[in-house]
Amino acid sequence: MGENELRAMLARRSGLDEASLWYPVHEVPRLFGVSWPLTGDRAEEVLSALLDGLRRTLPPPDGPPSARGRRYVYLSEITDRYARCDTRRVLERIHHAGITPARPDGRDYDPRSECGWGARPSTAPDMGGMPSWGWWRAVREAGTRPSYRMPDPYVGEGPPPVDRALDLRESTGDERAYRAALLAAVREDPRQLDCWAHLGSDAFDRAEADEAALSEALGFYQSAVAVAELSLPPAFDGVLAWSELDNRPFHRALHGLGSTWWRLGDTKRAATVFGNSLRTNPADNQGIRYLVGPARAGTACPRSFGS
């Protein structure tokens, strides 16, 4: 197999454009100690290694040491591989263009104030079932923390692309056109966080009929979370209140990522993501408190979950 053939095969398997893969394939002889053409078996080994490199997670931001679980746990601390081959490149593209950081909104979150659940939340079941409250102890012990606002998730002028895609789906009922519009938006500007999250939600819904769609959902939700994390300061331990509208796409992405890992049977990773949701949004407007306990206990995701 020659260089051009290998590049074409890598493009098909990664979903990336051949032009963007020129350099890594050109460097194969030097990196792997081989010469063109490659045998079939050797080509498969090289392809596997190249795909693995494309999916390797970027390291978390440097910061002062902090106990894991007592702060936000970054995606690259949860997994060492992205599900999508383009996620790393998306993040590098945003890095190159410049990152807009989350900013303190001038308020502090006090878990014992009337905005919190109180020192001893009720353990009685409600409409959502029996909630888990063990996570609340860590929130109380963390004390007062600064509240942050994420940068505007709807980049650019005019109506947000996610709204245009939703309007298209509503007016035509064309699900494929809806997905195509979302994908076009993130290709044009990968900072469109809510578009990534909606792509994840769409794939998660399709998994009811096709389990293979869960891997799509995982990739989209990981991209959404990783893009949002670029705006967080190192060793982040602030609050991202649901009341700030700009924070909601990130919370939707976290909810989706944790739910997808749970559906895939990875309860440990799901529980970590749910913990991130509750620590950054202790008001828990999404009902994560009903999910975190079963996930931490290793309970299989109910078949009806998300339907």
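Numbers here are sequence positions counted from 1. Not measured: the values here are computed from a predicted model.
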- For residues 32-53, pull every pair meeting ring pair (Phe, Tyr, Trp, His ring centres under 6.0 Å), keeping only residues two or more places apart or in separate chains. none
- Item | From Asp105 atom CG to Leu240 atom CG, the distance as rounded to the nearest 0.5 Å | 9.0 Å
- Query: Any chance CG of Asp210 has more than 12 other-residue heavy atoms, nucleotides or ligands included, within less than 6.0 Å?
  - Reply: yes
- In plain terms, say whether Glu216 and Arg206 are close enough for a salt bridge, that is, a side-chain N and a carboxylate O under 4.0 Å apart. yes
- Message: Closer than 3.5 angstrom, by distance alone: can the side chain of Tyr221 be matched with the main-chain N or O of His255 as a donor-acceptor pair?
- Response: no
- Can a salt bridge be assigned to the pair Asp194 and Arg248 using a cut-off of 4.0 Å between side-chain N and carboxylate O? no
- Task: Just say parallel, tilted or perpendicular for the rings of Phe220 and Trp196, cut-offs at 30° and 60°.
- Result: tilted
- Query: Should the ring pair Phe274 and Trp262 be called parallel, tilted or perpendicular, given that the plane angle runs from 0 to 90° and is split at 30 and 60?
  - Reply: perpendicular
- Message: What I want to check is whether the side chains of Thr144 and Asp108 have a donor and an acceptor closer together than 3.5 Å.
- Response: no
- Any donor-acceptor N/O pair, Glu5 side chain to Gly2 backbone, under 3.5 Å: yes
- Name all pairs fulfilling the ring pair (Phe, Tyr, Trp, His ring centres under 6.0 Å) condition that reach into residues 4-28, sequence neighbours left out, sorted by first residue then second. Trp22-His26
- Query: Are Arg137 and Glu141 ion-paired here, with the side-chain N under 4.0 Å from a carboxylate O?
  - Reply: no
- Query: Would you say the side-chain atoms of Arg149 pair up with the backbone N or O of Asp246, donor to acceptor, closer than 3.5 Å?
  - Reply: no
- Run the salt-bridge test on Arg89 and Glu92 with the 4.0 Å N-O cut-off and return the result as yes or no. no
